[in-house]
Amino acid sequence: MENKYTDMKIPADKFRFVADDNNLHDKRLETKPIGFFKDVMIRFCKNRSSVIATVIIFVLVVYAIITPLCFENKYTLSLTDTTYLNYTKLRPKSTLFAWAGWDGCINKTINASTYNYVRAIGEETGCKPIVKEYRSNYEDPSSTVDATYYDVKIDSYYQNGMIYMTLTEEQYKDIQTWQDENGIQIIYPAVDTSSFTVASYKSDANYWYKINNKGVPVMDKNGNYQSLYLQRKTDDYTSVMRIEGDPGLDDPNATDRYRYATKTGDSSAVSYKVRVFTYNYFIYRYGFEPSFLFGTNSSGQDIFTRLASGARFSFILAIAVSVVNLFIGAVIGSCMGYYGGWVDMTIDRLCDILGGVPFMVVATLFQLHFANKVGPVGSLLFAFVLTGWIGMAQRVRMQFYRFKGQEYILAARTLGARDSRLMFKHIFPNSLGTIITGSVLTIPGVIFSESSLTYLGIVNLESSTMTSVGTMLANGRGFLTTDPYIIFFPALFISLLEISFNLFGNGLRDAFNPSLRGVDD
Amino acid sequence: MYMFKYVVKRVLLMIVTLFIILSMCFIFVKLLPNIPTQQFGKDMALIAARREQLGYNKPLIEQYGIFITRTLLGGNWGVSETLYTGQDVMDKFIEKLPPTMMINLYSMFISVPLGILFGIYAALKKNKWQDHFISTAVMILVSVPSYVYAFLVQYILCFRLGWFPMLMDAGTNYFSWSMFKSMLPAVFSLAFGTIAGLTRFTRAELTEVLTSDYLLLARTKGLTKAQTTVRHALRNAMVPIFPMILGEFIGIISGSLIIESIFGVPGVGALYVNSINRLDYNFFMLLSAFYTAIGLVSGIVIDLSYGFIDPRIRMGSAK
């Protein structure tokens, strides 16, 4: 029975090649081959939170890049122009989200004299700062002062009201032409301030009406403000834009025509002191209505564009630091890991010493030494690089220790591969995953350190065109209770950035090294 | 005996490292332009004479020698030149230490129990919604910078609700109720991050231990889940957790510069920032030495504590 098959005698000519006529092939692969990075990509995309974090980072990067390019206008690029100083603490305003309270208004409780002061701006210009009155003219029982209060919603854009400006003849004419073309009045009649007793009232352009010594308006019998406009003098005001009650130029014989400027200087250098409505002046000056998405800070700078430039700086610094650290760390770590022995020992001691210096001390010393020579940015970069490469080098070294004893290295060496080839062709690619993850995870750390240093004022990057998130936070700190939005947007930005970079980095690490999943740090 | 040798070796290495770092700091500081005596006010001649006597005008090498003998060996860090003119740097530093340490100690007292509790809870509820919730919260809390908490605490708790004063009280009456109350905002701001960090660490360690074979054995022997968790799992998980806490405890002395600056804590951090802004080099040297030493010591203590907690771990052993 056993030998049934073996005993069979088959004639040789019965044998035939299986595939005599065509060559043998492996079956063609139906799917695309998946390489290492493709595999990583697939794993990364499965992690929902990391993908969301990537999107957020992308949005923040786009914001940092696009904003200075597209939204930078004359207002935000005011290097020598100090007009922005007149537009301080304008609230965040967005036409899209005005319904959600993002409308540039403040809810406030003000006393009667402030109320009348703000209301007068609206009376004169027609742009009413008081948008809504929640509660009018009530007495606060807990207050010891004899005063009445108003709960109101104030538009911070109109609230600034008038300022005095001194213009040259050219500027004065230009504004008038613009007024006539656009039908928006900028220049308002000059005021007779001789009845004001307090110096600060005289310099405040918002008092156009009769007031007493306390700054409280003296109303007429109908409860209206009594104007103190100056009349009848040559002011070279030819514009048709005139306020109500002014007979204008139509009647050449009118004697009660208002005066719009105080002319000083002789014919060679004439200058005009005028009362200018800041809101309309802004439109004239910059060509758009003032509306700041994130508001303006305490010195009148636009937070939206400033935050973007701070963000851009943070990104560039962090990426530069992580790239430089990656290079230095990779090269030194490779040498340490590959050669071992005394090379490893020496560099390890050096790492111990450098790693022992607190970063704060390094940053300070570099700042004191090099800030004058290479600028604060350069010295900050040096400080980050001086101790930053250690972590990377250690990581690369570990990988080298893992792989350098393996058979394939021995095989390559036997075939005559040089040290450098073994290091960078055969071993180094194995540590690529760790390196990429490591350098991504250094970015949030760098941004945090940079913002801390600039917050504390150890590093000062503030200038008219550049700022850093830390400086913005430090500047907003003083207005935390009165104007929290100044600090809110930078704080929100840096929190979002840190969260998403950490999520992104963790996702990347899980993707590159699935065995580490869930192990944090 | 082996352990003793290892400790001695580590401590000696630390001293050498500290010495090298301080020497570097010294040279860097000495290379900076010296502040002219005019800045100090009236008694210029006196200051110039004192500087001459202290060896400010000698060559760098000689000054370095003086620095080693007088400061490093003698413990005399000099007097303040700009910040607290004429006062001994060391005395002032010791005076500033308590507020910093107390704030950080309180924050540790809050965060260690809470962090471990949350960590245990998350580990026991692994992959359930509680765990996901805690993990997400931890991820956010760990990432957000501590000063953002400080702003939030200051705005919401101190300003809006008015529970605490905006800034820490001045004075040295550290154990009074009002002082304690004024410290709390800073304590909370510091605690958030530490709680989150500890929770994450505890959860990671505990989940690893909870899935191990000996825990299954303990359960099959008839121990309740609570018994296995507390007596077996947690003890083993504490091996890496405890050194971390210990390290933080040493680290707290150095404090947090930015939190101290936000809440006006009259501590070491403020002293450091002021010494830089006013270029008081003697303070700067002392505080640099201090921060460096704290970092080095906590590194050693962490390494050694592994061996003390779990005698099976022999640090630095060749095997």
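Proteins get letters first, then strands, A, B, ... in listed order; numbering begins at 1 in each.
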When the 4.5 angstrom heavy-atom criterion is applied to L22(B) and chain A, the contacting part is neither

- Is I494(A) close to P145(B) at the side-chain level, that is, under 4.5 Å between some pair of heavy atoms? yes

Start with the C-alpha gap between S143(B) and F501(A), add the side-chain angles, then the distance that decides, and say whether side-chain contact (heavy atoms from CB on, under 4.5 Å) holds. CA-CA 9 Å; S143(B) 311; F501(A) 257 115; over 6 Å; no

Most contact-rich option vs chain A, by heavy-atom pairs under 4.5 angstrom, among T136(B), T292(B), N277(B), is T292(B)

Mind telling me whether F28(B) and H369(A) have parallel, tilted or perpendicular rings, with 30° and 60° as the class edges? perpendicular

Checklist line | Within-4.5 Å side-chain heavy-atom neighbours: T481(A) and Q154(B) | finding: no

Can you check whether L279(B) reaches L368(A) side chain to side chain, under 4.5 Å on heavy atoms?
-> yes

The interface call for L287(B) against chain A, heavy-atom contacts under 4.5 Å, is neither

Max heavy-atom pairs within cutoff under 4.5 Å with chain B, candidates G476(A), P490(A), S451(A), P444(A), goes to S451(A)

Honestly, the part of L492(A) sitting under 4.5 Å from a heavy atom of chain B is neither

Are any of the side-chain heavy atoms of F151(B) and P484(A) separated by less than 4.5 Å? no

So, the part of I20(B) with a heavy atom under 4.5 Å from chain A: the answer is side chain

Honestly, the part of I487(A) sitting under 4.5 Å from a heavy atom of chain B is side chain

*Does the side-chain contact (heavy atoms from CB on, under 4.5 Å) test come out yes or no for Y272(B) and V361(A), once each step is laid out?*
CA-CA 10 Å; Y272(B) 182 71; V361(A) 174; 3.7 Å; yes

Close side-chain approach of F159(B) to L480(A), heavy-atom, < 4.5 Å: no

Given side chains that start at C-beta, do those of F359(A) and Y291(B) come closer than 4.5 Å, heavy atoms only? no

Cut-off 4.5 Å, heavy atoms of chain A, and the answer for L296(B) is side chain

Side chain to side chain, E498(A) and V144(B), heavy atoms closer than 4.5 Å
no

